[in-house]
Amino acid sequence: MIVCVAVVGHQNNPLFIQSFTEADDALKLHHIVHCSLDVVDERVNNPKKSGPMLNETFLGLLYPIENYKVYGYLTNTKVKFILVTTDLDVKDADVRNFFRRFHAAYVDAVSNPFHVPGKKITSRTFAERVSTIVKSFGFSSAG
Amino acid sequence: MEEYPEELRTPPVTLASLVGCPELHSLISTHFMSAQPPINTLALPDVSKIIYLFNNKTDSDPTPTAPSPLVPGIFKRDWLLKHRTKLPAILAALFPSHHLTGDPAQWQQLCSDLDSIKAVIRGRNIKFAVVVVVNDNVDEISEDRMIALRKRAEVDAKYVIVLNPNDAANLKLSLHRMASTFSELAVAYYREEGRRVKQRIEKKNVNSVELIVRYCFKVAVYAEFRSDWPEALKFYEEAYHTLREIVGVTTRLPAVQRLVEIKTIAEQLHFKISTLLLHSGKVTEAVAWFRQHKNAYKRLVGAPEGTFLHWEWMSRQFLVFGELLETSSKTTQGFAPIILSTSSKPLCEWEYYPAYYYQLAAHYLSEKRSVLELAISMSETNNEIDSVVDSVVPSVYVGQFARLLEQGDNVDMLPLTDEEYICYAVSEGKRFRDSLEIIALLKKAYESYSSIKIMRMSSFCGFQMAKEYFAEGDIGNAKQILDTIASLYRKEGWVTLLWDVLGYLRECSRKVGAIKDFVEYSLEMAALPISSDTGVRRDIGLAGPANLLQREIVHNEVFELVNGDSGLATNERINNLKITEGESLQLEVDLVSPLRLVMLASVSFHEQTVKPGASTLITISLLSRLPLTVDIDGLEIQFNQSNCNFLITNGQKSQLVEVSDGIQQHRTEIAPSLSLQSNKWLRLTYDVQTDKSGKLECLSVIAKIGSHLSICCRAESPASLDSLPLWTLGDFVQTVPIKDPILVLSGQKSTQVEEPDPLVDLHLGASGPALVGEVFLVPVTLVSKGHDVYSGELKINLVDVKGGGLFSPRDNEPHAMDSHHVQLLGISGPEGEDDSQLDSDKIKKIQQSFGLISVPIIKNGDSWSCKLEIKWHRPKPIMLYVSLGYSPYSDELNTQTVHVHKNLQIEGHNAIVLYHQYLMPFRQDPLLLSKNKKASESDHSESLPLNQKNVLVVSAKNCTELPLRLKSMSIEVEDNAERTCSIQHGSEELANPALLVPGEEFKKVFSVSSNKNKSKLSLGTVCLRWRRDLGVEEQCATTSTLSWVVTKQKLPNVNLELPPLIVSFECPPYAVVGDPFTYYIRISNQTQLLQEIKYSLGDAQSFVLSGYHNDTIYVLPKSEHILSYKLVPLVSGMQQLPKFSMTSVRYSAAYQPSNSSNSVFIFPSKPHFKATVSTNSRVESVVNL
Amino acid sequence: MVREVSESCVDSLLTEMVSCYCNRFYVNKPELAARRIEAIGYQVGHQLSERYTMERPRFTDHLEAIKFICKDFWSELFKKQIDNLKTNHRGTFVLQDNKFRWLARMSVDPSTDKVSSVEDNTSPTAENKAAQSMSMHLYFPCGIIRGALSNLGIPCAVSADISNLPACSFVVRIKAG
Amino acid sequence: MPPVAPRSGDAIFANVERVNAELFTLTYGAIVRQLLTDLEEVEEVNKQLDQMGYNIGIRLIDEFLAKSNVSRCNDFRETTDVIAKVGFKMFLGVTASVTNWDADGTCCSIVLEDNPLVDFVELPDNCQGLYYCNILSGVIRGALDMVSMKTEVTWLRDVLRGDDVFELQVKLLKHVPEEYPYKDDE
């Protein structure tokens, strides 16, 4: 299951970060997300390593840490989406699909005239949409 | 890695044993060590010792004899060591040669030794070699002896080696042969051993898996002995996989210890495998292998009471692999991790970084610690077990422990129950300070990450490290790390993380009682833009949950502290933080300070420039992001001109705020209210006024809060306000510091105060155009009207009006001084005040087009003047800029200067134009061939006839509008140039300077003659001395006082040529009507050649003439032909003589004499002359000729 | 199905926005009005670029991004592409739209001068009023382009050139670094 | 009843030039945001929006009458009805309904379920006083002004403020039934 999702601005500042655990590790998840930015930089800065998925918005698995898998997504506007999950085997298709829907939600959120570009996303609607997307994670393509 | 036994960490080395000839052992062993592959030697002085070497082994190896159905353990602890140190692959017997050759007794001895050796090594196929040590020449060992020896020793010929330590030449060679032979033997030995064990595996009758594991291990080790890495790898892996099967199957040991043993074995095998992989450069494989190793055992936690063992083990796995990776990456640097995106579980960059493993090692170690602490707290056990614990020792088998039981002198090992074992392990665990180990690991990770610029990861490790330090009470280290981390989180605006870090920092400063830090950290926390709950509820650090409420709590706490409220005394958390009375706390907030969130001051003047003394409006806007409203007691506004500083006090606060010293005399405004609401600009507009010119800038705004705290904000301009930290307020519409739309965009914290209007007049009294060459004087007069002039300074600048610049290196000038077209020569002080005195105390700088001179103090109403001396070298207009800077006040403090500027355009004209012309002698015309060519040729330089007297007329024209005085005109020849001609003329000086009215010409005649045979003639430079006519005072002005301007102009060179023919006419100076005279035409041939001349004489109606009209004559070389005509004038007046023309056939040059020379005046009747003396200068100079 | 509104909504909204800033707020401070209008365009462009770059791989270089603006982005806004793109290969691009819709509509829009008369009769002659408001209108699309590009990580300055109407070309100067 | 039946809003909307609603929505949003930054006071912003709406309204009425061939309608009830049914549709592509007539037919409510202006919009906490769609009320007021009906338009319900629909109350202040200038044009 997804334990944390985050939107990170092009200056690596958090625009939105939401964890979905009853466990008391929200702060730890924030750390994980923050650290994963190092991997994103690595991927983007020397794409030869990341091979075929050059310029693809979906960055794939960023890095495995104990009990977590961290996935990344980088939009054309240099905004990063980070997904932290506890599932051991995750279908790439699911993650891609998740990010696609997440991206759509994000775009609507930043279309709010009162949203200041590069600033935190405080929209409640966005939060709600995100949590529904998170809940439906995995089912969409599985069946 | 260090805790592994040495034999495990390093690859095994062949072991050879030497017997006899101890004196040679060291020599041989050292050579063997350095041999390739190296060989360890086990030296025995003589044969007798062999027994001790091997007999202990015989009883301690049951495995080949009775394979017991239930194996007590997997690996023998000492097996590997034994094979590396005790059990040689080869045994070499050394015999001195004389034992072979010497008397039978020695031979017998030798044979017996051989027999005993063979007896010992029989059964175990240790290889045997014989070394014969020769001391002198070899050949005296007879062949049959050697054969006998070989027979006795039952060794192949090539295993009998002859060694001669004395002959240095062959020693090395033979030692080398020895080494290679030995290693060959060793390889054979280990191969056979390996094959033997392998057979056991292959025939499936091995009933216990443990044994298979053991055998595989042995095979692998033997393979390593002969450095057959692939095989070694293969069998280690096999052993590893087989071992994994045992888990759960075997019941040999109690559950916990069983697992411990298996894990220990797995650890060793894994270590071997990854080492081999890494050494063969298969990094990716190694990483993949580690991953599967980790996954295979991660879940094998085992019995709950033994959990900590598992975590410890895991931690060690990561640590060791990390170290291996690090060392190998040192050796094989720059491996490029390629992500196998094809495989389902691609490796990612991170798994190639050692830091990643250290980090996780630390993670597991802390897991272990927490579990262990739990275990310790629970294990308050009966002391009989404790007594057991003391006697626990590692058992014979790897990964097993037993308790040592001594009864009298015999010792035996009893197996442990799990309970006992756990107690033992716990008590062992107590002995280590895990936190130090954890810190060490995190430090490795921290440094390793930051060394490859992976800052966030390293910060994360650093943070955990800092927490450990904090727990350990090492505040210094903790704070130092935390500060660096905090800056990263600030930069990237990770508020929740920052919040947490600040929480720790805050506690650090609390612990060490650093009150300023405490306040700063607290304020920053309180100001962090955390509005909605960030979802961080539990696992909150020392900071408490990150939410608005907590911010307010922090806010209140810190303000209670700084206000010194008594309520705090009860609060024990803060007891070591106290502000004593009178102690004050000033926080600095500049552009980079994190406290910029807490309070931000934007200041904007309403005008860009102000008149001195006039007042202008200034708006001070304060913004605070603290969660609660802050009541400011007073604001202190500071400017670079301290006399403008002022104070704004809070009208609501009755008590007066004490102001920092030196402000009292400044004015104090009272604001109705100074409460700074959260995220709302507090805007205050006041007027400031200064009479000091220059920049007026607001430096800082100091907010006084309570009796102790004051926050000093660096003033910022609204125009440059956008550089706020990037996380500031998400959910607010941004507001601007000033309502005024223009000031928001362009408002500046500084304004320009103009200087007061000057009250001094500056006159430039220049008259008319300047003349090139003369020193032109521009009088400058300062008249003070209302201002005294102190430390005044005149700046003078000459600027080309056309902007071409006065300096022109392009046209190369003969005189360096002319490189400036117009030049400021000097500044002469006013009359009476002479330069020397002026120089002494005042500045006076003069450059080509720039001048600086200091002006003495001028009291109000006084005046001062000086003269600028400017010289033109070219006729061009220039702009003269003169500016006076002075201070109206005498005191040094008030150094504000007032400036007066004046400028004046001055034309520069040429005073005099010189030109010249040449004349022939009267009525004489040389035939200059070049003249005829002129038309065709472009050479326009004049030509003169050689060795003839020529006349040069130089005329100077006054082309100004004013009269000039002429002193002299002369022709000077450059000293260096040798004189090529003689120039005579009258006296240099004119008796009294000639007046030259505008437009008038002055002519002077020179006679030039050259006899030297030169084609070119350089005449020199016309040099004219003149000056302006002073009109009235001309008389009184004596030549001494007045300087004369010298104008020079070089005369162009002239060609000289020898005229072949010269025609000269002769006739009386005048004639009278009616009476005849003779008119001679003399044609002289200057050449060595006969000249044929055709000539003709035209008719003239005013004369009657006799003689040939035209004819051809021949003039002999160097001689002349004279034509003579009788003429009778018919008409009076100036009459043209008959026109003569001739042609030189040789030169085909037609030729007419100039008309001027052949006219004559005819009187009607005979005149009567009276000689008179002319005073006319022109006539005079003609007469001079 | 994509949501639509009548074009006259957008047109009248823009006209009103421009005249609001030019004739009511900053009557004789056109440069300020321009700034505001540009800012509004900037936000719109910023948001639209976010929207229209969904589902497409990241741009590798500036040219790709500019082309995107010329093709997809422009057609989303005006149902047509930029007609002509020029560049000096040193960071300056010229995007020409041969018939820039907003200007076309404006010039034919009969109500413009009436509007001006409604707002203030002190305004100068109708045509240079029209010219002025036209140039003011152009700050909006300039802002849109700038917003879009800067959101794509290309800081730049954008100006418009209407020397040959109805064609309008936008000059994009990419800021170094 | 008018001699020629007014064309249905859908029919007109199908024929008019249409553009991507996002552009419209975002532009309006950007304008509101900019106004908030410039004017700071929410009340000021409301006023400005209304003013802008009014100016637009007096312009749009022409296009409206022309396209919808609504013959000039003197009856307030009828007019509001046309505005709701035809006007909203042909411009914004949404339909509105008219309800809550008071006794003397001078005051009613125009109710909007859907409104392109507010797509993506969420009011920040410190803008609660803002009538985000105030431009609409202005438009209506302006349009009615041009058909010489002085009205007062106020918001009763606003989705952005948590209501389920948008409700605009249109109150007729005074009706000047004299010929309005556009007669000559036709």
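Each chain gets a letter, A, B and so on, in the order the sequences are listed, and its residues count up from 1. Bear in mind the structure is a predicted one, so any value in this text is a computation, not a measurement.
- Looking at D:Val121, both its backbone and its side chain come within 4.5 Å of chain A, counting heavy atoms on both sides.
- Within the structure, salt bridge (charged side-chain N to carboxylate O under 4.0 Å, His left out) contacts touching residues 73-86 of chain A (residues at least two apart or in different chains) do not occur.
- The side-chain heavy atoms of D:Phe120 and A:Val110, taken from C-beta on, include no pair separated by under 4.5 Å.
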What donor-acceptor contacts under 3.5 Å connect chain A and chain D, backbone and side chains included?
residue	atom	partner	partner atom	Å
A:Asn112	OD1	D:Glu122	N	3.4
A:Asn112	ND2	D:Glu122	O	3.3
A:Ser123	OG	D:Glu122	OE1	2.3
A:Arg124	N	D:Glu122	OE2	3.0
A:Arg124	NH2	D:Asp125	OD1	3.2
A:Thr125	OG1	D:Glu122	OE1	2.7
A:Thr125	OG1	D:Glu122	OE2	3.1

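- Minimum heavy-atom separation, D:Ala30 to A:Pro113: N-CB, 4.2 Å.
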